[in-house]
2 protein chains.
Amino acid sequence: MQDKTTQATRQAQSSNQSHPVSADLIAVVIAVTDGEPRVLTIGQARALPSGPFELGHRSLQSGLRAWVERQTGHPLGYIEQLYTFADRDRTGDERAQISISYLGLTREEQVERSPTHGWRGWYDYFPWEDHRVGVPPILDDILMPRLLAWADEAEDPNRRHDRRQRVAYSFGLDDRDWNEELVLQRYELLYEAALVAEATRGRDNGSPPSIPGRPMVADHRRILATGIARLRTKIKYRPVVFELMPPAFTLLQLQRTVEALAGRLVHKQNFRRLIEQQDLVEETGETMSDTGGRPAKRFRFRQSVLAERAVAGTKLPVSRA
Amino acid sequence: MQDKTTQATRQAQSSNQSHPVSADLIAVVIAVTDGEPRVLTIGQARALPSGPFELGHRSLQSGLRAWVERQTGHPLGYIEQLYTFADRDRTGDERAQISISYLGLTREEQVERSPTHGWRGWYDYFPWEDHRVGVPPILDDILMPRLLAWADEAEDPNRRHDRRQRVAYSFGLDDRDWNEELVLQRYELLYEAALVAEATRGRDNGSPPSIPGRPMVADHRRILATGIARLRTKIKYRPVVFELMPPAFTLLQLQRTVEALAGRLVHKQNFRRLIEQQDLVEETGETMSDTGGRPAKRFRFRQSVLAERAVAGTKLPVSRA
DNA sequence: CATAATTATACTCACTTCGAGCATAAGGAT
DNA sequence: ATCCTTATGCTCGAAGTGAGTATAATTATG
């Protein structure tokens, strides 16, 4: 018995006997420019920056930074881990593939252009996610009818009910509100219903009816959906928006950034109240008078809040209008 | 240029050229028995169940389930990913080591005993985290003085201030409230201050002054801290507590479970109000009359809530008393 | 130069949420 | 019968939050 426990302990500590796998690092890097959230891409905007984790890398994070810099020239600031998953159905070799994805946030100014990589508005990939100017027509005209048809396709009545319920929940049907955080759930439903190009790839279904939303390589669009969902959730309880802002900004610029991310509008006065009463920002003293109208005070993020307390984010005072 | 993009795309799709790594799966499996949160351990309660990810595993999750079942005989129910990290300073071979950790929740009844594995109260590992019967004496008597001493040790005054601030924030000094979610931050501070056994392991500092909290192998205690933190956060916005409950329970039993996890007491009447107004449970019709007092109605979790809507969890109506 | 248009900013109001506490109900123990 | 203990119902006040009104300070326009 003593043998057994020590063996278990050793096994828990290191596992050199295990089969080798290869590990890929994948980055979802976000910036907001001109009121549009954008994602850093390579390969004709069809892939996320990524590369294998190598022995030379000091850590997963530094490996990721290295790859993104090598492929796009972009240094990364804030990054956080998204999700790790294993793929078996990749290439035929006898090695499992593990992918570790990260979310990175960077500032507007650092955006630049290039032929090999570039920034792409994330609503190009998820046109049904932008509700800032109302419900996108794509939803009512194309997606909802097809989703409901797909739900009704199921033989089993329980299954049919389950599908309808999931569609209703994810897309805010009936009396339910649209929940901007359910980006991944929506993408997966569309995938399941074969309403995104990635779902029919490899099968010979002929070309499926033209489907909105730019597809990506492998499961990169799913990873992007995961990143967007995480960001939309996180801005509500952590002050991460500021990673995307220039050093000084007006409250409206901040609001527009939040709206771009959330894909919905917020109530202006309440938004200001929220930001101010949480002491997230301080005035720089300057004002901005660009867009015609009363000049706005400029603010900067109070870096000290990060250390001071359990900071909340931007609670998104939603506007139903 | 066309070459460059295709190359980048190919690279993003698969990376067979990458150095092989080995991947370990590590499980933090939690149950609550007799009002105590417990974690499933192996190796004399010094290690978490874990094992290498192998080719035979259909997915990371199924690999994890297989290992936990093999090492402890325990089937897993609910599991979710915690974090992935890379270790270089393990054994000397030229292969990087990646660890993927998971949080698993299981029911009380499935708990059993064995010599090779077992359930251990998680406060054995983190005695400073249990505030149900007031602030643990260990904190005021031992940890806080040492932490503050450690903060003052720093040469650089900025560094000193930073350390003090982190201690104050993580441990709720001054006017700040104790935040039960900061389990990981607290453990890491204690580690940094060399107040946990793991921090001095391998160095020949002689034996450090006796330190509260049972240590674990490698970084398993840190992983456990991550799991506890995740769970304490998650019960507030998702109805995951029910994964830990028997099929039928009284509201007090539910409350005790939440309290066990959170490490703090909640206001009874408000707790009931919260659970009931969210329609999380429904009466079974039976009552329980065991602990002396008016018999309590028994409830069961309404499984349908999971599908119905964006369910909130247990908002923890804290009691300051 | 007066007026309109536009954005900034201050305040009010109704309603909900939430921490606390009081009060009553329904069992068992003595 | 009385007390102790837990269950359960209800109220109150403070704080938070969605919405809307009102005023201020600019630029654009006629």
Side-chain angles (χ1 to χ4, degrees), chain A residues 35 131 177-180 235-237 248-259 262 264-299 310-321, chain B residues 35 131 177-180 235-237 248-259 262 264-299 310-321:
Chain A
H131 287 230
D177 283 330
W178 172 264
N179 183 343
E180 77 275 4
I235 49 173
K236 293 180 185 158
Y237 67 96
F249 47 84
T250 69
L251 291 184
L252 185 58
Q253 289 172 334
L254 182 63
Q255 181 183 341
R256 293 293 177 233
T257 303
V258 168
E259 290 174 334
R264 64 183 345 187
L265 299 177
V266 305
H267 185 283
K268 188 167 174 172
Q269 296 94 318
N270 291 347
F271 177 79
R272 308 174 97 265
R273 175 173 65 186
L274 213 59
I275 299 295
E276 285 175 333
Q277 82 188 9
Q278 288 192 124
D279 279 319
L280 293 177
V281 297
E282 63 193 0
E283 303 184 12
T284 65
E286 314 152 287
T287 66
M288 278 262 299
S289 50
D290 56 335
T291 35
R294 175 172 169 177
K297 291 182 189 164
R298 301 184 80 192
F299 293 84
V311 252
T314 314
K315 288 231 201 65
L316 284 210
V318 278
S319 146
R320 309 213 188 279
Chain B
H131 289 230
D177 282 330
W178 172 263
N179 183 343
E180 76 275 4
I235 48 173
K236 293 180 186 159
Y237 66 94
F249 47 84
T250 70
L251 290 183
L252 186 57
Q253 289 171 334
L254 181 64
Q255 180 183 343
R256 293 292 177 233
T257 303
V258 168
E259 290 174 335
R264 65 187 337 189
L265 299 178
V266 306
H267 184 282
K268 187 168 175 171
Q269 295 95 318
N270 291 347
F271 178 79
R272 308 174 100 263
R273 175 173 64 186
L274 214 59
I275 299 294
E276 285 174 334
Q277 82 188 8
Q278 288 192 128
D279 279 318
L280 292 177
V281 297
E282 63 192 3
E283 302 184 12
T284 66
E286 315 152 288
T287 65
M288 279 262 300
S289 51
D290 57 333
T291 34
R294 173 174 170 177
K297 292 183 189 163
R298 301 185 81 191
F299 293 84
V311 252
T314 315
K315 290 234 200 60
L316 283 211
V318 277
S319 144
R320 310 214 187 279

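Order of the sequence lines sets the chain letters (A, B, ...), proteins ahead of strands, with each chain counted from 1. Everything numeric here is computed off the predicted structure, so don't read it as measured data.
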Check the distance between C:dT7's P and A:Q253's CD and give it to me in whole angstrom.
13 Å

B:M288 CE to B:F249 CZ distance, which is reported to the nearest 0.5 Å:
12.0 Å

Does a side-chain N or O from B:R294 land closer than 4.0 Å to OP1 or OP2 of C:dA25, or not?
no

Write down the atom of B:L265, the atom of B:E259, and the distance for their closest heavy-atom approach.
CA-OE2, 3.5 Å

From NZ of A:K236 across to C1' of D:dG16 the rounded distance in Å is 17 Å

Look up atom CG in A:L254 and atom CZ in A:R272, then write down how far apart they are to the nearest 0.5 Å.
10.5 Å

N or O in side chain of B:K268 less than 4.0 angstrom from D:dA7 OP1/OP2:
yes

How long is the line joining CD of B:Q255 and P of D:dA7, in whole Å?
9 Å

For the pair B:I275 and B:F299, evaluate side chain to side chain contact (heavy atoms under 4.5 Å, CB included) and give the outcome as yes or no after the intermediate values.
CA-CA 11 Å; B:I275 299 294; B:F299 293 84; over 6 Å; no

Starting at CD1 of B:I275 and ending at P of D:dT8, how long is that distance when rounded to a whole Å?
13 Å

Below 3.5 Å is the cut-off: list the nitrogen or oxygen pairs between protein and nucleotides 20-22 of chain D, distance only.
unit_1	atom_1	unit_2	atom_2	d
D:dG20	N7	A:H267	NE2	3.1
D:dT21	O4	A:Q269	NE2	2.5

Judged by atom type as modelled, is there a donor-acceptor pair below 3.5 Å linking the side chain of A:Q255 to the main-chain atoms of A:V266?
yes

For a quick test of reading the model: is some side-chain N or O of B:K297 closer than 4.0 Å to OP1 or OP2 of D:dA7?
no

B:L252 side-chain proximity, nearest of D:dT6, D:dG9, C:dA26:
D:dT6

Gap between atoms CG and P, on A:D177 and D:dT17 respectively (whole Å):
17 Å

If you fit an axis to the five pairs at each end of the helix from C:dC1-D:dG30 to C:dT30-D:dA1, how big is the angle between those two axes, to 10 degrees?
10°

A:E180 and A:H131: side chain to side chain contact (heavy atoms under 4.5 Å, CB included), yes or no, with the steps?
CA-CA 9 Å; A:E180 77 275 4; A:H131 287 230; over 6 Å; no

Expressed as a whole number of angstroms, how long is the span from B:Y237:OH to C:dT17:C1'?
21 Å

Please find the pair of heavy atoms, one from A:R298 and one from A:A248, that lie closest to each other, and give the distance.
NH2-O, 3.5 Å

I need the CE-P distance between A:M288 and C:dT9, as an integer number of Å.
12 Å

If you assign each of A:L251 and A:G293 to its closest nucleotide in DNA chain C, which residue comes earlier from the 5' end?
A:G293

Considering all heavy atoms, the nearest B:F271-B:L251 contact:
CE2-O, 3.7 Å

Side chain B:R273 and base C:dG19 donor-acceptor under 3.5 Å:
yes

Separation of atom CZ in A:F271 from atom P in D:dA19, rounded to whole Å:
16 Å

Would you say the side-chain atoms of A:Q253 pair up with the backbone N or O of A:T250, donor to acceptor, closer than 3.5 Å?
yes

